[in-house]
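What follows is a set of notes on a single structure, which appears directly below.
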Amino acid sequence: MADSVVAIQDEIALLEKNLAELQDQLKDAKSRLQKAQSEEVAQSGQQVMSKEDRLALIKVNLKEVLNPEIMDAVLDKGESLKVYWGTATTGRPHCGYFVPILKIAQFLRAGCHVKILLADIHGFLDNLKAPIELVKFRAEYYRYVITALLKAVNVPINKLQFVLGSSYELAPDYMMDLLRLASITSEHDSKRAGAEVVKQTENAPLSGLIYPLMQALDEQYLDVDVQFGGVDQRKIFALAKDVLPKIGYKERAHLMNPMVPGLQGGKMSASDPDSKIDVLDTPDAVRKKLKKAFAPPKEVEENGVLSFVEYVLLPAGELRHGTPKFVVERREGEPLVYTDIEKMQEDYKNDILTPQMLKPAVTEALIQLLAPVQEAFQADSKWKDIEQKAYPPPPAEKKKEKKKKDKGTGYPGAKKVETKPDGHVEGVDKATVDVGADGGAQAIEQLKLEKK
């Protein structure tokens, strides 16, 4: 009997060893497949394209283009377009960020040089959505997230340039130009420009008027031909077109994405956590939010779930697998396979595609899309540490028993603050974290990200 037990134990050990080897081989094969797909996509983007094809790719899915003749002139000279997209490092990035990320991928395919501005100073100016003592960590966190999102859809990140706003926006020349713009721009015009972007409050701080001027000036200091953003940025773009030539700088072209509805319909809201999905949300959280999403039968307008397929899942499918494809499983009959949004919208209007079929399909596709992002987060201790510092969790409740003091993982100095959805903090140490114990001098000095 003993020999039999030992033999079985040996057999199990051998099977476990073989299983471990097979799992390693599977992991390696998946990695090689992803690399091959990425290289294939990259090579397709490097193929020689005509000027017309480049412009068509640049403009696809855009809501509006201002001054396209500026792009024509650059391409006619045989040069690559220089494009920048800026994001204020405030609240936690969510799945809506896939929309500009996928557009950036198309710019890269069209041969553009793309700069991503991590606008840390803008985040601080926007009604303290990014408190001064947290700005550095949030900019770092955004770079981790954006890089992971790009990798998730096979976009080669070596073609991108990340620029930290504070790396040049605090320089004397920039500040002098900012004062020049302030001298020729009225309070009315600046406030109007930022109305859809900067948080509007009663007795608003002066910083909200500086924000649009800096966004206009960034075009010059980033040395670009084009600024890209959402259609909610249009008034800032119009301000830039008007004021930059007045201080001797050239006018730029502007590209605008449509505003994609949130899961509850309408614009994604930082104050409504159910209107958006955090890139680190668990699969259960994703299922819960999409189950409650606004997707009335036969209605296409303001349908956030359908819009997510149009602007994220279909383009992501093309980048990851070479073809835009979205599959909806059915209990009976063959699955519905879509390669364009028009057919999908037609089926939805005719009730061939129902909310009960659409939501589960979108849920599983999104979970798959987020999987590599979340795996990268779990495997990177530095990223996890930055996340805790950028968005401090609520302070632990006081316990009656006296224990050894634990500083915890919060930053700075485990101060008693809690991060709200839009990025600002609340708590007894709010004033210190917002502007710094020393007026922010030390925090400003430290506004520098590690080189990757």
Side-chain angles (χ1 to χ4, degrees), residues 37-38 40-45 47 49-50 52-65 95-110 149-150 152-155 228 230-231 255-263 265 268 277 290 293-330 332-370:
Q37 289 174 332
S38 178
E40 185 177 322
V41 170
Q43 288 172 1
S44 68
Q47 294 174 356
M49 298 176 67
S50 67
E52 291 72 21
D53 288 340
R54 286 185 179 186
L55 286 173
L57 186 55
I58 288 168
K59 295 177 182 179
V60 68
N61 274 350
L62 290 178
K63 181 71 173 180
E64 189 174 1
V65 179
C95 289
Y97 276 68
F98 271 118
V99 177
I101 291 301
L102 292 166
K103 192 64 217 174
I104 286 170
Q106 293 172 332
F107 294 155
L108 292 168
R109 277 192 175 186
L149 292 178
L150 289 166
V153 291
N154 292 341
V155 177
F228 164 62
V231 74
L255 307 176
M256 283 163 274
N257 255 349
M259 298 304 293
V260 178
L263 296 181
M268 291 184 185
I277 295 172
L290 274 165
F294 179 79
K298 302 182 181 181
E299 291 187 23
V300 172
E301 297 299 325
E302 295 298 316
N303 189 320
V305 183
L306 269 179
S307 295
F308 194 79
V309 177
E310 179 178 4
Y311 292 103
V312 176
L313 296 179
L314 279 173
E318 182 174 12
L319 288 168
R320 297 175 76 197
H321 309 299
T323 180
K325 185 169 75 169
F326 182 71
V327 180
V328 179
E329 298 292 343
R330 294 192 288 181
E332 298 179 2
E334 295 294 320
L336 299 173
V337 180
Y338 297 101
T339 57
D340 62 76
I341 194 62
E342 288 78 14
K343 175 60 177 173
M344 197 169 182
Q345 289 174 338
E346 179 184 342
D347 281 0
Y348 197 82
K349 288 178 180 178
N350 294 326
D351 212 28
I352 297 171
L353 174 62
T354 66
Q356 293 77 16
M357 296 160 58
L358 175 64
K359 288 183 179 181
V362 171
T363 299
E364 296 311 311
L366 178 55
I367 289 172
Q368 290 181 22
L369 188 58
L370 291 176

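Start at 1 with the first residue, then count along the sequence. Computed over heavy atoms, backbone and side chain alike; hydrogens, waters and symmetry mates excluded.
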* Asked: Run the side chain to side chain contact (heavy atoms under 4.5 Å, CB included) check on Glu310 and Gln345 step by step: do they pass?
  -> CA-CA 10 Å; Glu310 179 178 4; Gln345 289 174 338; 3.9 Å; yes

* **Value rounded to 0.5 Å, distance of CG in Leu57 from NZ in Lys103** => 6.0 Å

* **With Ala316 via side-chain contact (heavy atoms from CB on, under 4.5 Å) - residues at least two apart** => Leu102, Val153, Leu369

* Asked: If you round to the nearest 0.5 Å, how far is CZ of Phe326 from CG of Leu358?
  -> 6.0 Å

* To the nearest 0.5 Å, what is the distance between CG (Leu255) and CG (Asn61)? -> 13.0 Å

* To do: State whether the number of non-hydrogen atoms from other residues, nucleotides or ligands found under 6.0 Å of Lys59 atom NZ is greater than 12.
  => yes

* Between atom OG1 of Thr354 and atom OH of Tyr348, what is the distance when rounded to the nearest 0.5 Å? -> 7.5 Å

* To do: Using side chain to side chain donor-acceptor pair (under 3.5 Å) as the criterion, list what pairs up with Tyr311, not counting sequence neighbours.
  => none

* Supply the atom-to-atom distance Glu329 CD to Met357 CE, rounded to the nearest 0.5 angstrom. => 9.5 Å

* Looking only at atom types and distance, does a side-chain atom of Asp340 sit under 3.5 Å from a main-chain N or O of Glu342, one as donor and one as acceptor? -> yes

* To do: Side-chain contact test, heavy atoms from C-beta onward, threshold under 4.5 Å: evaluate it for Val312 versus Cys95 and give yes or no.
  => no

* Kindly indicate, with the supporting measurements, whether the criterion side chain to side chain contact (heavy atoms under 4.5 Å, CB included) is fulfilled by Ile104 and Val155. => CA-CA 9 Å; Ile104 286 170; Val155 177; 5.6 Å; no

* To do: Please name the pair of heavy atoms, one in Lys63 and one in Val231, separated by the smallest distance, quoted to 0.1 Å.
  => CG-CG2, 4.1 Å

* **Minimum heavy-atom distance between Leu314 and Tyr338, given as atom pair plus value** => CD2-O, 3.8 Å

* Does any non-hydrogen side-chain atom of Ile58 lie less than 4.5 Å from one of Val65? -> no

* Asked: Heavy-atom distance under 4.5 Å between the side chains of Phe308 and Val260, does that happen here?
  -> no

* Structure fact -> What one should report as the nearest heavy-atom pair of Arg109 and Glu318 is NH1-OE2, 3.8 Å

* To do: Please report the closest heavy-atom contact between Phe294 and Glu302, naming both atoms and the distance.
  => CD2-O, 3.4 Å

* Structure fact -> Minimal heavy-atom distance between Pro355 and Pro296, with the atoms involved, is CG-C, 4.3 Å

* Structure fact -> Rounded to the nearest 0.5 angstrom, the CG-CG distance for Leu306 and Leu353 is 6.5 Å

* Structure fact -> Asn257 meets the side chain to side chain donor-acceptor pair (under 3.5 Å) criterion, sequence neighbours left out, with none

